[in-house]
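Only one structure is covered here, and it is reproduced in the block below.
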Amino acid sequence: MARPTSAADAAGLGKGRAIAFVLPAVTLIAVFLLFPALWTIYLGLTDYRLTGLAAADPQIVGADNYTGALTDPRFLSSLWLTVLYVGGSAVIGQAGLGFTLAWVLRTRQGPLRRTVEGVVLLAWILPSTVVGFLWFALLDRDDGTLNALLHTPGFAWLLDHPLLSIIVFNVWRGTAFSMMLYSAALENVPPSHLETARLAGASVPQQLRDVVLPLIRRHILTNLLLISLWTFNDFTPFVLTGGGPEGRSEILPVYVYRVALRDGQLGAGAAISFLILLINLVFALVYLRLLRGRRRQQKTAATATPPA
Amino acid sequence: MITLHALTKIFPGGVHALDDIHLTIADGEFFALLGPSGCGKTTLLRTIAGLETPTRGTVHIDDRNVTDLPPGQRDVAMVFQDYAIFPHMDVTANIAYPLRIKKIPRAERATKAAGVAARLSLTDLLHRRPAELSGGQQQRVALARAIACHPTAFLFDEPLSNLDARLRLEARTFLKRLQRELAVTTVFVTHDQAEALALADRIAVMSDGRMIQVATPAEIFHRPATTFVASFIGSTPMNLLPARATPAALHVAGATLPLPGPLHSGDNLTYGVRPEYMTLSPTERPDAFPGVISVLENLGTHTLVTLETPTGPHIQLVVPEGEEPPPGTPASATPRRALLYRDDTLLTTL
Amino acid sequence: MITLHALTKIFPGGVHALDDIHLTIADGEFFALLGPSGCGKTTLLRTIAGLETPTRGTVHIDDRNVTDLPPGQRDVAMVFQDYAIFPHMDVTANIAYPLRIKKIPRAERATKAAGVAARLSLTDLLHRRPAELSGGQQQRVALARAIACHPTAFLFDEPLSNLDARLRLEARTFLKRLQRELAVTTVFVTHDQAEALALADRIAVMSDGRMIQVATPAEIFHRPATTFVASFIGSTPMNLLPARATPAALHVAGATLPLPGPLHSGDNLTYGVRPEYMTLSPTERPDAFPGVISVLENLGTHTLVTLETPTGPHIQLVVPEGEEPPPGTPASATPRRALLYRDDTLLTTL
Amino acid sequence: MIRHTVGRLTATLFIAVVLAFFTLPMLWLASAPFDDTPAITTTIPEFTLRNFAAILDNPYALGSIRNSLIQGGGAAALVVVLAALAAYALSRVRVPGRDALLYLLLLLSSVVTGTAAMVPIFELATRLDLIDTHLGVVLVVSGGLLPAAIFILKDFMDDTPTSYEESARVFGAGPLQILRHIVVPLVRPGLATIAVWALASVWGGFLFQFILLRDPAKAPGSVILYTLYTEGGAPKLDLIATFSLLYSLPVVAMYLFVSQRYGFRFHGGIKR
Amino acid sequence: GTGGGSGESSVTLTIAANSIEGGKNAESAQWIKQWVIPEFEKSHPNVKVLFQGSGVDDEQYKTRIALDLKSRTGADVIDLDGIWVGEFAQAGYIKPLTEVGGATVEQWEGWAQIPQAVQGLGIFDGKKYGLPQGTDGRVLFYNKTLFQKAGLPATWQPASWRDIIDAGTRLKTAGVPTPIQLNAGTAMGEATTMQGLLPLLAGAGAEVYTGGKWTGAAQPLKDALGFYQQVYGGSGLGDPKLQQEAKGRDKSFAQFAEGKIGILAESDYFWRSVIEPQAGVAPMKNRDQAVGYAKIPAKEPGGGIRGQDFVSMSGGAVRVLNPFSKNPRLAWDLLAFMHSAAATKAQLAGQARISARTDVNDEVLTADPMLKYIADEVLPITAYRPGVAVYSQVSTALQEATAAVVAGRSPDQAATAYQSTLEGIVGGAANISG
Ligand SMILES: Nc1ncnc2c1ncn2[C@@H]1O[C@H](COP(=O)(O)OP(=O)(O)OP(=O)(O)O)[C@@H](O)[C@H]1O
Ligand SMILES: Nc1ncnc2c1ncn2[C@@H]1O[C@H](COP(=O)(O)OP(=O)(O)OP(=O)(O)O)[C@@H](O)[C@H]1O
Ligand SMILES: [Mg+2]
Ligand SMILES: [Mg+2]
């Protein structure tokens, strides 16, 4: 059978050429990502502002920005909102709906499948500024399409359920990626494994638990890592609610925007960005722990095909 | 007992994967489905298992109409071509999986799994993961899992095709013995005629969703009903040669053979002779196929000789080892037993 | 000509995939590498191709030391077990790929590809994609691609193992004829002994990275050097029975056989006899193995009979069709030709 | 059978609900541009094409879409090429700590795409003389997109069987040839995904494009969309609705083209 | 930015403004491109003038300009909101005009035409940093049709906050859905501060920043918040939800135009650009007949800042010189030219709008009684915001305080919370008065 992939240097690249292949990307990343990122992290240690006296002569304030943020009730509530937002819209919403769609569409072909996939993808690729208008039209208090459909005139979705609104919005916005990734992953689940479970009388949840999830662990991990990271840094809900009312939808990217751009406190903004990075790291470690042993199982899955 | 009545399966694309199949498989019978790739073997098996819904027709298992039952309620076990052993479960968990779904207590499951495993000499492997098993061992785990749930029927889809040649032979004997002992009705899909001949009580040869011939191995081997079956059966392919009838004789590839009975000269005749049923001689004879030896293939105790006839067709025959002339030698082959087909349907044995 | 000198390959994990291999393959020879899974066949082939770097030893092709050359400069063509036909190119582009790398003009490439394709009856498929080809057709495309670059040697890694039983036989004959015509040195990896016997001029039987025996097919079949080789060769597995020598006779599974020469009673002896070289008789004889018929497997013109001997071992033998007693019958099997091994090494033929 | 039917029915219902959920918000884009008096809500339009005439009068509208194409296409191309090269090398050659390093870069990319990195990036662009150039925008956004692109592409490359490459190698193909002839076509759906993703990311991006570019004739659509407001910040809906539609069309067209051509699915089209 | 010029003798000057053709502030962009540049190039044959338009959110424009100036690049003549002058000066991004433009600055004829108060827009720490372009004033707009329905006079001028509430109550009784629209909350942003809280604070007798100290939770603030409570605290006079919506301000405009709002506090921008009969975003065909305007009263007569009966707030843009300009003298010439009477008139292009120059105002504003009213009645009593960097944060804190009241908290609670936020922003209670 096919040799172990990825481990082998099949194309005879060799270290030298491998470095040459990686170099352009690494250079670009070093210059336009690493360097500004480190600079930003440094800014986080100062009281730097875009204008005013602090712009002319920024002072090193050490961890003040960090302690400031961590003692700011708005930051903490914002953090909590973000955790809810990421958990609700990315982990449960996008990953859940994306998986369900991939699962349901798995056995279907033809125009229906193409239509559903096309519409879901469209929501993903539309420019975010445009998307804001679309959702206003949907959720507007007075003449919103949703209120018209549900016969609930005057119901202020964005004001009364701001967090829920942006969660649903983000599910709409980002499900496409998870759907595509899981569709691909499901294609790698041998149908015979599922059918074995069905023959044994397993229900759909049992099939998922016993057969599908163990086999696509690695894809689940990749997906969760990426969508959490993206959702953590997603600024789009700002166009819907502006963080309000009363900060009830002020997730961290919006908080950073307010601190860094509206209030001009770039130093504090940089510190919070770095805090977001650390929180993401924690998320990643949690995922790794939850999906622990994926390496071993992955290896197992890869070599499980019997020799020809 | 499995009874199929007027079973038809048309796939969305319009493919007639099964076309009006009528079949009864007796209790405890070892029944083989044989046919080329794409003829509908797997579809038939899957329809019995309930993994495909038939377009028309019914499936009965032990007098129970199961056509509309979901697979889990049909009480059959299937072994897939790729074994479908769950890579994340160890051998015990794999074998006990059907029992787990049936909500049998954990302790009892382990005991039962161990019992079945012992029977298949898997006891030492109970805690291994599938990745740590050889192909043959994996196959036995798949079998054990099928046995563990005590089904009324086994459905095997080419379970041996992934094994290497050596292991395959051993597994074949093993499977046969196991089925004898358990006496469970078994439907076995293969496209290897040798496997079907060696294992089955009866064989159905399929082509394009239809059953061409259903018979015992010996019958199938000796009296293949059509040239299709004839070409499919035998460890070396049967020579199928175009024949021409004159009022006096049968003319086949340069040989003049006696007529088996009255034949029309316009008939579309095919003369079939197995490589094993021919004798090679260095001299030319009128009732032998003349030609030049072109390729020799060692079959161990025998050699497969390819003879290029002046009229075109290649003829293959088996000669005992040591008796093969070198390539390039002129030689002739005399048929001992043969079959005559008219319009690809068996007319008579010769 | 390919010469391997002291070739050793140790994988990072410490696996000795090749262990001090010395071998010379003559010009135009069809050489088969035979052995169980994991014995190092693919590694050897890949080392010749330059896809693996040997830990020690050298590879010469036509007196040129190629040990340190990259694969592209060795002038060999390899057909991979999974064919490795590029799925995104049509048949023409696949066949012409080596020529494209050699920067041959597009028009010339197409002509050459068409020529090779014609030779392999692929002309009608030139514009198909691999996904639209059957397994047999894919294999021919892989061959055509290898032929198109006119190499000094072909390296084939189990090219037939993905084909179904029927196609495999046809492909075998075809391959043999092709190699004859092109007369290019060919190394052919297989774990199917029948394939090796049928095709090769010489066979190397490998085990654990070493060459156990290198010889012609007939030699390997009739005088397997060790019990390992014996067990590996033959379309039905050789019966290998523990034997005990007394000063007067050889005692094997209930039979008392004449001594081939002076033997020590303490020797670790194995008696090997092929199923084909035994005669079944209903009566008991002292020089025959007694037992009860347990399993019958139809081999077409013959039947494989398994005999359970009272002392334990199962003995298999082949009887002509129609002569097999029903299971349960007592019978005895008389060996006609046999081999005697001491410490698993061939002592003498009997 | 009953269970089966119920299951099928539930699935169909689910699909219908999902379709509705995903299309409902898009209605505005279908109605407002054609409405004589577009509102921020969806209404049955009083049909007119006047808004299109109005947007064509805007001196920057059409040019900005071209600029978006240059910047988005440039970034997509750059990201795809560099990420493919890097992902391939990383997938095939062992580098200790490779996965952790990739993930670290991925995390850092989130810092750089945030508001706070504005000053460093602007200073950098000024020093490198990239202000007011398309190239500057392309380089800056590519830097932020590359880690995720490599992360995703590496997964694809890991999954392609190596025997194709070895086969090409035996025929004498060099690494770049192998990448071009074999690997790229095999992971084409992945590359297409990355390309569309990169394009869509750049397409909607505002802040960096705005601070890096000076000449409004170089501004992309996302920036021009922001100018269609009054001095008091009220949206000129006739222009915005129409421009939104025009501005979305290229992305949709690109998606349709890519999906037609390459399947636009992870792993799709690779027959193994 | 400051190009060295393409030929030996030719130099390039660049103008940056937050306006763009076909988009935001298009008239201003058009004026620069079609009048200023050709006219100036005519008189300066070796000078090429370029225009760098933006036309985006003020915050984003500010960011871009700040970044440019920080890296010592950028246009030669730059538009700034007057409120940014202080923070830009503190950051060293801009310098007093005389330092950049040289001695000729003081001799400019225009200074005499710009009222002292308006000049204040460009002044920081007593130094002139920019030339003001114009200003505005805030008043109460009211719908005469609705007033008539409620039996209120067609010419209405409240004398105290009480009068406003009374009118609102009458309107409510007459079935007007939203009698009073007083911007509140954070979603409205700076509109809340400028149209709402600061005029009220002024009406209660306090300024947000005086004598180096910020106004904390003192009585005037509590009074102002108390007025919010009267409007939004269950009286039904205002629509609290509207204040929270991200597009609430736009909707309030539309609602006023549709006759759903009785009284609305806004700047003259509302008159000029929102309900303007032809080109407004929420046009009212009968604006001149149906819409009245009144000065914002102090809490009680005489209770406003400086003992005034009426109050207002003003803002306005200025133009500054880039201190890093390669041709500062020439840039000053351009700047002065852009603020000449001819240029100013050309900019107005017949439209009525309050410019910085009295001579132009006298000539132009006769066309529009409303703007004349602002110039004559409102500007003399108006006040400006403090131009220091932390103002934007203070403004946000004020918006939050109003939001808290709208959401139902008491003015005292909101004021206390504001006080503690303010302490965090301005560096302790020492910088806070009251
Ligand atoms: N899900 C499906 N949709 C459409 N056609 C199908 C489907 N499954 C099978 N077919 C078609 O039905 C026919 C029978 O397929 P089936 O899998 O039963 O063949 P088979 O005899 O098992 O072949 P093989 O030996 O290759 O496994 C084939 O032509 C196949 O292409
Ligand atoms: N890249 C590798 N790294 C480590 N060990 C390897 C590698 N490739 C092969 N091996 C080991 O080397 C030994 C020989 O492998 P090889 O692939 O040559 O066997 P083979 O004879 O071709 O077997 P098969 O018939 O299964 O193809 C095996 O034990 C295998 O596990
Ligand atoms: Mg099948
Ligand atoms: Mg191998």
Side-chain angles (χ1 to χ4, degrees), chain A residues 1-5 7 105-113 185 187-221 290-308, chain B residues 12-13 42 45-46 48-52 69-90 93-94 96-103 128-139 141-142 145-146 148-149 151 155 157 159-164 167:
Chain A
M1 272 293 280
R3 320 229 100 217
T5 52
L105 293 180
R106 169 187 54 113
T107 50
R108 288 170 200 252
Q109 292 298 333
L112 180 70
R113 177 176 179 154
E187 272 171 30
N188 290 340
V189 175
S192 60
H193 286 214
L194 279 173
E195 287 169 348
T196 302
R198 278 174 68 197
L199 275 167
S203 61
V204 170
Q206 281 172 327
Q207 289 169 37
L208 291 178
R209 183 196 66 196
D210 299 334
V211 181
V212 178
L213 296 186
L215 282 179
I216 63 167
R217 274 204 155 97
R218 189 171 70 110
H219 298 272
I220 296 179
L221 183 63
L290 285 179
L291 297 166
R292 185 186 40 210
R294 73 170 176 117
R295 278 268 156 66
R296 201 173 93 217
Q297 268 142 19
Q298 195 50 37
K299 224 170 76 196
T300 314
T303 41
T305 14
Chain B
T42 299
L45 211 61
R46 292 168 56 83
I48 297 174
L51 297 170
E52 303 282 357
L69 282 186
Q73 292 173 28
R74 295 191 177 196
D75 199 19
V76 299
M78 186 154 169
V79 173
F80 290 85
Q81 189 173 345
D82 59 359
Y83 311 147
I85 308 180
F86 304 136
H88 52 284
M89 299 182 187
D90 67 9
N94 261 294
Y97 186 72
L99 306 172
R100 178 170 155 205
I101 293 296
K102 293 204 176 106
K103 300 224 182 336
R128 294 231 197 134
R129 297 251 171 173
E132 299 157 4
L133 299 179
S134 77
Q137 291 165 337
Q138 291 190 20
Q139 189 224 357
V141 174
R145 186 171 61 185
C149 60
L155 306 173
D157 194 359
L160 309 184
S161 71
N162 277 345
L163 301 183
D164 76 31
L167 240 103

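Values below: all heavy atoms of this structure, side chains included; hydrogens, waters and symmetry mates excluded. Numbered from 1 within each chain, the chains take letters A, B, ... in sequence-line order.
When each of B:Arg46, B:Glu132, B:Gln139, B:Arg74 is checked for heavy-atom pairs under 4.5 Å with chain A, B:Arg46 comes out on top.
In this structure, B:Ile101 CD1 and A:Thr196 OG1 are separated by 11.5 Å, a value rounded to the nearest 0.5 Å. Within the model, atoms CD of A:Glu195 and CD of B:Glu52 stand 7.5 Å from one another, a figure rounded to the nearest 0.5 Å.
The minimum heavy-atom distance between B:Pro71 and A:Arg198, with the atom names listed, is CG-NH2, 3.7 Å. Taking each heavy atom of A:Ala197 and B:Phe86 in turn, the nearest pair found is N-CZ, 4.4 Å. Of all the heavy atoms in A:Ala200 and B:Pro98, the pair that sits closest is CB-CA, 3.9 Å.
Residue B:Arg100 touches chain A through its side chain alone, counting heavy-atom pairs closer than 4.5 Å.
The closest side-chain heavy-atom distance from A:His193 to B:Pro87 is below 4.5 Å. Under the 4.5 Å side-chain criterion, counting only non-hydrogen atoms from C-beta, A:Leu199 is in contact with B:Leu51.
Proximity of a side-chain donor or acceptor of B:His88 to a complementary backbone N or O of A:Asp210 within less than 3.5 Å is detected.
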